[in-house]
Participant: 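Have a look at the structure that comes next, please.
Proteins come first, then strands; the chains are lettered A, B, ... in the order of their sequence lines, and each starts at number 1.
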Number of protein chains: 2
Amino acid sequence: MSTAAETTGGEAEPWEEVTPDAARRLLVAAVEAFAERGYHATTTRDIAGRAGMSPAALYIHYKTKEELLHRISRIGHDKALDILRTAARREGSAKERLADAVSSFVRWHAGRRTTARVVQYELDALGPEARAEILGLRRQVDAEVRGIVEDGVAAGEFDVLDVQGTTLAVLSLCIDVARWFNIDGPRTPEAVGELYAELVLRMVGAK
Amino acid sequence: MSTAAETTGGEAEPWEEVTPDAARRLLVAAVEAFAERGYHATTTRDIAGRAGMSPAALYIHYKTKEELLHRISRIGHDKALDILRTAARREGSAKERLADAVSSFVRWHAGRRTTARVVQYELDALGPEARAEILGLRRQVDAEVRGIVEDGVAAGEFDVLDVQGTTLAVLSLCIDVARWFNIDGPRTPEAVGELYAELVLRMVGAK
DNA sequence: TGCTGCGCTAAGCGCTCGCTCACCGTCGGC
DNA sequence: GCCGACGGTGAGCGAGCGCTTAGCGCAGCA
């Protein structure tokens, strides 16, 4: 398609910012375990075991199990927001920027599905202050997408009745990819990203 | 809009098929608790407490905590499938039937959000046989929506590149309503249903 | 009135959870 | 060669979990 995505999906090796090495291994193990079973069904023994350590080792690097989730959620939201910002602020028409934003956002949710699942579905397991911090990042995510939609409406490129409602639906569609996407299934993250960009352009009535 | 929904959203008093009364009270309490905190974070003491009973009372009516989730999931999926079937098999064009299906399915996910959350997001907490049974119902849900889309394409009413991918996206969009919808927020279930029907008709390129 | 069946409770069993603590091996600096 | 710092382990604590069991109160009936 002509509005092919140009932003990466954030598929570069992740978690490289987490040091030291043992702390990163524990965090990666926690992401896998939380994504598979959910936060509450995951035990600290399971996380430590996956990282090849004893249960007590976890508490050298993290104060609690919840701090692990908080760190994962924070880094993941930062990455998701970064992907959307890159797409939203590149040059091009609103149509091009929206297609780029959706396809790269979807590629991230599909390609890094384990991380995305934790980031999008385990928010309620956080305590009040941590949850409030993450909700602030979510409002910024919403604002980036809404900004592109508003630009398109203002430029006469889009035909949208309810800007906030449509923005919500677009984000919802992208986020839910983390729930159903199967890495062993027939679709690649790139293919889903392209299909979804096409569908979203139709939703906003792109000319 | 012209293709206004005509199927109810399934808002009638639910769980009336569950008897005796004590079993129903326990089940309703479990739905609320599972929706608020998730299955694994909910204790049997919490469920029994909400129903005004002692922890042991739960085991008179249900063999295990998982049986409660299974019953909720089964009844909820039956109801969701029933809503889609009613819309899919009414008279009218594919466009009318798809708009009806989406708006009533969305109304159910918004209006009965607690039930829908449990039904859609706690599937992994079920054991293998129960999960397999529910997955069978999900395939029927997918088939109903795909059937309408295929009808529309065959009749020349819709313009769809990837029928299975678009069906997946439509269902995903509807289901995710259970995640973000807030009963105290600015939107009514009816309004979201109508907006989503409009967006979905655009996604399928309805003439 | 006495008996029976049943819905329910009080108490608690065995287990696993998140987390702690006393201790240990390794390694750079003097 | 000795020492302190640091990253790690083994054992286990108190708490809370899902679930069980012995027994209680009460409605229905002879």
Participant: Could you tell me if A:Gln140 and A:His77 have a donor-acceptor pair between their side chains, going purely by distance under 3.5 Å?
Facilitator: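 The criterion, which ignores hydrogens and geometry beyond distance, is not satisfied for A:Gln140 and A:His77.
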Participant: Determine the minimum heavy-atom distance between A:Cys174 and A:Phe105, stating which atoms define it.
Facilitator: CB-CD2, 3.5 Å
Participant: Side chain of A:Ala56, heavy atoms from C-beta onward: which of D:dG10, D:dC19, C:dC8 has the nearest atom to it?
Facilitator: D:dG10
Participant: Please report the distance, rounded to the nearest Å, between OH in B:Tyr59 and P in D:dC17.
Facilitator: 11 Å
Participant: Heavy atoms under 4.0 Å, any strand shown: does B:Ser54 hit a base, just sugar-phosphate, or nothing?
Facilitator: base
Participant: Would you say A:Ile75 and A:His70 make side-chain contact, with heavy atoms under 4.5 Å?
Facilitator: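 Of all side-chain heavy-atom pairs linking A:His70 with A:Ile75, none is under 4.5 Å.
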Participant: What integer distance in Å separates B:Leu58:CG from D:dC17:P?
Facilitator: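 Nearest whole value for this atom pair: 14 Å.
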Participant: Nearest whole angstrom, please: distance from the C1' of D:dG18 to the NZ of B:Lys63.
Facilitator: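 Roughly 14 Å, once rounded to whole Å.
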Participant: For C:dC8, does either OP1 or OP2 sit under 4.0 Å from a side-chain N or O belonging to B:His61?
Facilitator: yes
Participant: Round to a whole Å and report the spacing from NE2 of B:His40 to P of D:dG18.
Facilitator: 11 Å
Participant: Atom CZ of A:Arg24 and atom C1' of D:dG7: how far apart are they, to the nearest Å?
Facilitator: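 Checked: the CZ to C1' distance equals 16 Å.
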Participant: Taking 4.0 Å as the cut-off, does a side-chain nitrogen or oxygen of B:Thr44 come that near to OP1 or OP2 on D:dG18?
Facilitator: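 B:Thr44 to D:dG18 OP1/OP2: side-chain N or O found under 4.0 Å.
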Participant: Starting from P on C:dT20, measure out to OH on A:Tyr62 and report it in whole angstrom.
Facilitator: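 The answer, rounded to whole Å, is 17 Å.
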Participant: Counting only side-chain heavy atoms from C-beta out, which of C:dC21, C:dC8, D:dC17 sits nearest to B:Ile60?
Facilitator: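 Of the options given, the side chain of B:Ile60 lies nearest C:dC8.
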Participant: Does the structure place the NZ or CZ of A:Lys65 under 6.0 Å from the centre of the six-membered ring of A:Phe34, at an angle of no more than 45° from the ring's axis?
Facilitator: no
Participant: To the nearest Å, how far apart are A:Glu67 CD and C:dG18 C1'?
Facilitator: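 My rounded result for the distance is 14 Å.
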Participant: Taking atom P of C:dC8 as reference, at what distance in whole Å does atom CG of B:Leu26 sit?
Facilitator: 8 Å
Participant: Would you check if there is a donor-acceptor pair between the side chains of B:Glu122 and B:His40 at a distance under 3.5 Å?
Facilitator: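 There is no such pair between these side chains.
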Participant: Has the side chain of A:Arg45 got a donor or acceptor atom sitting under 3.5 Å from an opposite partner on the base of C:dG18?
Facilitator: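 Such a pair exists between side chain and base.
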